[in-house]
Number of protein chains: 4
Amino acid sequence: MEEATSKREHILNAGLNLFAERGFDATTIPMIATKAEVGAGTIYRYFINKENLVNELFQQYVETCINILHEHYPETNSSPREQFRHIFNGMVRFTNEHEHALYFIKTHNHSHVLNETSRERFEEMLNFIRSFFEKGKEQGIIRDLPANALIAIVLGAFLELHKLVREGDVDPNAKLFEGVEESCWDAIRAH
Amino acid sequence: MEEATSKREHILNAGLNLFAERGFDATTIPMIATKAEVGAGTIYRYFINKENLVNELFQQYVETCINILHEHYPETNSSPREQFRHIFNGMVRFTNEHEHALYFIKTHNHSHVLNETSRERFEEMLNFIRSFFEKGKEQGIIRDLPANALIAIVLGAFLELHKLVREGDVDPNAKLFEGVEESCWDAIRAH
Amino acid sequence: MEEATSKREHILNAGLNLFAERGFDATTIPMIATKAEVGAGTIYRYFINKENLVNELFQQYVETCINILHEHYPETNSSPREQFRHIFNGMVRFTNEHEHALYFIKTHNHSHVLNETSRERFEEMLNFIRSFFEKGKEQGIIRDLPANALIAIVLGAFLELHKLVREGDVDPNAKLFEGVEESCWDAIRAH
Amino acid sequence: MEEATSKREHILNAGLNLFAERGFDATTIPMIATKAEVGAGTIYRYFINKENLVNELFQQYVETCINILHEHYPETNSSPREQFRHIFNGMVRFTNEHEHALYFIKTHNHSHVLNETSRERFEEMLNFIRSFFEKGKEQGIIRDLPANALIAIVLGAFLELHKLVREGDVDPNAKLFEGVEESCWDAIRAH
DNA sequence: GATGAATGAGTCTTCATTCAT
DNA sequence: CATGAATGAAGACTCATTCAT
């Protein structure tokens, strides 16, 4: 029983790593099986097919990310600066806990293999961040740009940075993240 | 001769569009042949194989991008603000002239199909931008963050934004690009 | 012990039904296990493998059919008409008692999965019927055609008819069987 | 051009033989490819998939059989005896010209792989034969049994006989077929 | 040069069979 | 004894690549 759960977990982890590194189409079932240390057929005991596996992964991690963002979210009357720090730190924490997850989500979002549920879950996550920007703009604290564009700036910056860290091109110390957080804040706040 | 060049060009264009839209692995040679209006076998008269085609494309457009960045680059004694505007506008222009090129470069950079030369060409492009940041940091005008991180912020922001434009999620008017340019400048400049 | 026998019986029954309905190749071990209400592994405690199961079934029912044909077979000096009626009624009775058996035998006879023993058992059954035809021909009462051909006529007719009944395309009343029996007799008797 | 047609023909022939001998499920694409002396992939240039191949075959041969039955069919006012001889000889001729076709049709009729069109074509063929029996019964010349049952008797007899011929268990001379034709006629005519 | 029919290596997926519990 | 989770061999099918025309 414990083993079975473990097997499913192994497959999900192997899938996450490989999908994030190579993308859905370049990842084969035998690759996942080898990395998960299970037989190829075993994957089909836990997932209907390759598409099902990638969607389960996507939804699971979008869910996790949403939870992290919601957790301890600053009160409604707290400052946008504080709220932004919470969101940014949430992304940092999410990435620390699930190394490839955010990169996987980003590279597979808009992929042809995602089903309706996956798209909805992702939209839900975006909406949360979007509403932060909308409120900030109303208060004149956030720069007057489309919310989507603001998200793109912050998410794009964060993810590219994360890629650098993954590849060992920068040292991921606390000072770096603080600096980037401030940089992103300056990118989105009204001047 | 003129015909032959034209066929090569058709194949490259078809490849660029399809690789950008679907990714390397989801794009088949027959797809490219159909879009290029040539026989599938003809592709192999111009390119050794599919990998060779994608690498040629990658190197060609990185080259083009480098050229655009170098062209009319502000004098050494001009202000970083001005230089940054040149770089940012260069990316905008590059994207206007070659709709799918930058997105293609971004999604295939770090792909498992790129060869050493392609990686070197890309690094060369980064170096150019990197040197801009290094100089700006020395002058105390650019934020004290690793150059790689600064590039990540700007490039990440720009590319994510470009994706939004491609997908029709934001309206790509001049005001938007000006706003984002300013936003990015605020992200990287020392405060 | 009684339980064990019962499980073997359940497996055989499930196998018979499924092989008759779907054929050997389209019937999976899990299907049989589910229908027999046993674990898939249990089947391998009673049968070496899938082929062994199908051969056991085949031989068992050919055996049963032979027994029915022999049982109360009319005396040697009785008329061929009477003997034929016995044979025909035997087939009807066999089919009534084991709904899918004769159809299973017919569709799997000459199948690539049958082993030598199964073929021999089947041949034995044919020999019994064959000898009836040979004797009848000697007496000038049965039509002068190869015994094999006569068997083909009767067995072919009966089995096709049985298929119609199974599929609900004709109503299996006593009058029908009597009519067909007479029809078959007219087909084989000398005129 | 001539070659291409020939390849398709080779595949169809190989498929017909193997499907007739082993059944749809026990016949693999590599088997067909080997027998047809083509690459496995080539089969997919001519047929969408295995199911498509079997349906094409089924429809083609049912069509051919219908044509043979219709060709030179005796005038409406000719005797049922004469009409029956035409039908029976048609089946003999069809089988002589396409050795495995009728057996293939018979064993795959009611198969789970046949599509609607195939079923309709087959029903059309049955209807032709059925109408002969119906008319004959009205005239009191054919035995009073359901038309389906009469077809079963004749078709069953013929096909089982054909199987014997295929397997070399009887010698397929003209006298045999004449004898069986007479036998079948006696089976269906009113007495 | 240009083509596209032909190929077979490599995918995903199923399922007979094994074996630890 | 009974089980069903795990496996990997084998099947259907795709597609990069070749080569005869």
Rounded to whole angstrom units, what separation is found between the CG atom of C:N52 and the P atom of E:dT17? 10 Å
Assign the ring pair D:F122 / D:F58 to parallel, tilted or perpendicular, where the plane angle (0 to 90°) is split at 30° and 60°. tilted
Considering only heavy side-chain atoms of D:T28, the closest of F:dA12, F:dA6, E:dA5 is F:dA12
Distance check needed: F:dA6 C1' versus C:I29 CD1, whole Å only. 17 Å
Apply side-chain contact (heavy atoms from CB on, under 4.5 Å) to residues C:E63 and C:E124 and explain how you reach the verdict. CA-CA 9 Å; C:E63 184 82 31; C:E124 199 180 307; 5.8 Å; no
Once you round to the nearest 0.5 Å, how far does CD1 of A:I43 lie from CG of A:L12? 10.0 Å
Taking the nucleotide of DNA chain E with the nearest heavy atom to each, does A:G41 or B:A40 sit closer to the 5' end? B:A40
Checking B:R119 side chain against B:L114 main chain: does a donor-acceptor pair fall under 3.5 Å? yes
Can you tell me the distance, in whole Å, between the CD1 atom of B:I43 and the P atom of F:dC19? 18 Å
Proximity to the side chain of A:K50 - top-ranked nucleotide from E:dA16, E:dA6, E:dC12: E:dC12
Report the residue (C:E37 or B:N49) whose heavy-atom-nearest nucleotide on DNA chain F is the more 5′ of the two. C:E37
Please report, rounded to the nearest Å, how far the P atom of F:dC13 is from the CD1 atom of D:I11. 14 Å
Report the nucleotide, chosen from F:dT3, E:dG4, E:dA2, that has the shortest atom-to-atom distance to any side-chain atom of D:R45. E:dG4
Salt bridge between A:R166 and A:E99, side-chain N to carboxylate O under 4.0 Å? no
Picking from F:dT18, F:dC13, F:dC1, the nucleotide nearest the side-chain atoms of B:Y44 would be F:dT18
Using the rule given for ring pair (Phe, Tyr, Trp, His ring centres under 6.0 Å), can you reason through A:F104 versus A:H100, listing the C-alpha separation, both sets of side-chain angles and the distance that settles it, and then say yes or no? CA-CA 6 Å; A:F104 161 70; A:H100 303 82; 9.9 Å; no
Just how far, in rounded Å, is C1' of F:dG11 from CZ of D:F24? 12 Å
What contact category does A:T27 fall into here, base, sugar-phosphate, or nothing, at under 4.0 angstrom with non-hydrogen atoms? sugar-phosphate
What is the distance from NE2 of A:H10 to P of F:dT7, rounded to the nearest Å? 12 Å
When C:T107, C:V54, C:V113, C:D25 are each screened for side-chain contact (heavy atoms from CB on, under 4.5 Å) with C:F19, the one that passes is C:V54
Is the distance between the ring centroids of A:H98 and A:Y61 less than 6.0 Å? yes
Looking only at E:dA6, E:dA2, F:dA2, the nucleotide nearest the D:Y46 side chain is E:dA6
F:dT18 P sits how many Å from B:I48 CD1, rounded? 11 Å
Taking for A:M31 and for D:V38 the nucleotide of DNA chain E with the nearest heavy atom, the one nearer the 5' end belongs to D:V38
Look at A:K7 and F:dA5 and indicate whether a side-chain polar atom (N or O) is within less than 4.0 Å of OP1 or OP2. no
Range-with-range stems for DNA chain E, at least three Watson-Crick or G-U pairs under 3.5 Å: E:2-21 with F:2-21
In whole angstrom, what separates A:F47's CZ from E:dC12's P? 15 Å
